[in-house]
Amino acid sequence: MAERIAVADLGSNSFRLVVFTSADGWWKRTDEIYEAVRIGEGLAATGELGEPGMARAQATMEVIAHFCSASGIEPGDVLAVATSAIRDATNSAAFLERAQETSGLRVRVLSGEEEARYGYLAAVNSTTLSDGVMLDIGGGSMQLVHVERRLARELDSWPLGAVRMTERFLADDKPAKPKQMRELRTFVAGALVRAPWVKRSGSRIVGIGGTMRNLAAAAQ
């Protein structure tokens, strides 16, 4: 009988469920659910998850739980993890308690270091990255990992996600002005001062995450 495992990634901008099935010793992605919930919307201004975002997130978690149940995937075989927005919000515990009661999903909140390390593992095991940097930009946070001989030498996480930075510097929903871009670049450069190793990490960057996928699609 084929073995299945489901992973639910509860990100700041989107929630994604992927189901992997093992057959003949190989794992293959067999199902996927994606929903842009934007649970991190407004977090930068208030420090809390807003009610509209929490409602969208809870509804999506219930859809994920129903799908897994209908597919015969046991609750213990669903690995649900949350990242930046839920990690940083002051009311995240209350949200998770409420959402878990209705969906039955038990969620583990990843630390910034854990999120960076998982991104590194994905990059080195799915690309030819041997020396360089793993870059993961989500809606709420950004992770960088210095990779040397396929090993993670230094890593860190910053609250520099695409949604968070857009709300802070480009919130008028119009084409970015030069002044706004200068302020954004200055802010990011200041945040990266605490990681001097970035400058000696080489010129190769492997990017993962929704923001990088959108950039790649635009470039293509």
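No hydrogens, no waters, no symmetry mates; every other heavy atom, side chains included, goes into these values. One is the number of the first residue; the rest follow in order along the sequence.
- Looking at Leu192 and Trp158, their side chains come closer than 4.5 Å, going by heavy atoms from C-beta outward.
- For the side chain to side chain contact (heavy atoms under 4.5 Å, CB included) test, residues two or more places apart in sequence or in another chain that qualify with Thr46 are Glu48.
- When side chains are defined from C-beta on, Val109 does not count as touching Val81, because their heavy atoms never get closer than 4.5 Å.
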Just list the side-chain donor-acceptor pairs under 3.5 Å for residues 205-220, sequence neighbours left out, or say none.
| unit_1 | atom_1 | unit_2 | atom_2 | d |
| --- | --- | --- | --- | --- |
| Thr211 | OG1 | Ile137 | O | 3.3 |
| Asn214 | ND2 | Gly210 | O | 3.4 |

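- Two residues are said to be in side-chain contact when any heavy atoms from C-beta on lie closer than 4.5 Å; Met54 and Leu49 meet this criterion.
- Qualifying salt bridge (Lys or Arg N to Asp or Glu O under 4.0 Å) partners for Arg56, counting only residues two or more places apart in sequence or in other chains: Glu41.
- A single hydrophobic cluster is not seen to contain both Leu144 and Met134; linkage of ILVMFWY side chains at heavy-atom distances under 4.5 Å, directly or through other members, places them apart.
- Residues Ser14 and Tyr34 meet the side-chain proximity criterion, which asks for heavy atoms closer than 4.5 Å.
- Phe187 is linked by a ring-ring contact (aromatic ring centres under 6.0 Å, His included) to Phe169, counting only residues two or more places apart in sequence or in another chain.
- Take Glu114 and apply the salt bridge (Lys or Arg N to Asp or Glu O under 4.0 Å) test, not counting sequence neighbours, and it matches Arg108.
- Using a 4.5 Å heavy-atom cutoff, the side chains of Tyr120 and Asp136 are not in contact.
- Residues forming a side chain to side chain contact (heavy atoms under 4.5 Å, CB included) with Asp9 (at least two apart in sequence, or on another chain): Thr83.
- Residues satisfying the ring-ring contact (aromatic ring centres under 6.0 Å, His included) test with Tyr118, not counting sequence neighbours, are none.
- Annotation for Arg106: atom CZ does not count as buried by contact number, only 12 or fewer foreign heavy atoms lying within 6.0 Å.
- Partner Ser157 forms a side chain to side chain contact (heavy atoms under 4.5 Å, CB included) with one of Arg87, Glu113, Met142, Arg117 and no other, that one being Arg87.
- Note on Arg164 versus Asp88: salt bridge recorded, some NZ/NE/NH1/NH2 to OD/OE distance being below 4.0 Å.
- Sorted by first and then second residue, the pairs that involve residues 178-198 and meet side chain to side chain donor-acceptor pair (under 3.5 Å), not counting sequence neighbours, are Asp156-Arg194.
- Within the 4.5 Å cutoff, the side chain of Leu105 has heavy atoms near those of the Val78 side chain.
- Residues that satisfy the salt bridge (Lys or Arg N to Asp or Glu O under 4.0 Å) test with Arg149, not counting sequence neighbours, are absent from this structure.
- Side chains of Val198 and Val133 form no contact here, defined as non-hydrogen atoms less than 4.5 Å apart.
- Residues forming a side chain to side chain contact (heavy atoms under 4.5 Å, CB included) with Val163 (at least two apart in sequence, or on another chain): Asn13, Arg38, Glu167.
- Under a hydrophobic-cluster definition in which Ile, Leu, Val, Met, Phe, Trp and Tyr are linked whenever side-chain heavy atoms come within less than 4.5 Å, directly or via other members, Val145 and Leu121 are assigned to the same cluster.
- With hydrophobic clusters built from ILVMFWY side chains whose heavy atoms lie under 4.5 angstrom apart, Leu155 does not share a cluster with Leu160.
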Please list, one pair per line, the donor and acceptor atoms closer than 3.5 Å that link side chains of residues 61-76 to other protein atoms, with sequence neighbours excluded.
| unit_1 | atom_1 | unit_2 | atom_2 | d |
| --- | --- | --- | --- | --- |
| Glu62 | OE2 | Gln58 | NE2 | 3.4 |
| Glu62 | OE2 | Thr102 | OG1 | 3.2 |
| Ser71 | OG | Phe67 | O | 2.8 |

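- When side chains are defined from C-beta on, Ile39 counts as touching Phe95, because their heavy atoms get closer than 4.5 Å.
- In this view, Val18 and Val7, Arg16, Phe20, Arg29, Glu32 satisfy the side chain to side chain contact (heavy atoms under 4.5 Å, CB included) rule, not counting sequence neighbours.
- For Thr128 and Arg204, the side-chain atoms include at least one donor-acceptor pair closer than 3.5 Å.
- Criterion: ILVMFWY side-chain heavy atoms under 4.5 Å apart, direct or through other members. Under it, Leu17 and Leu96 are part of a common hydrophobic cluster.
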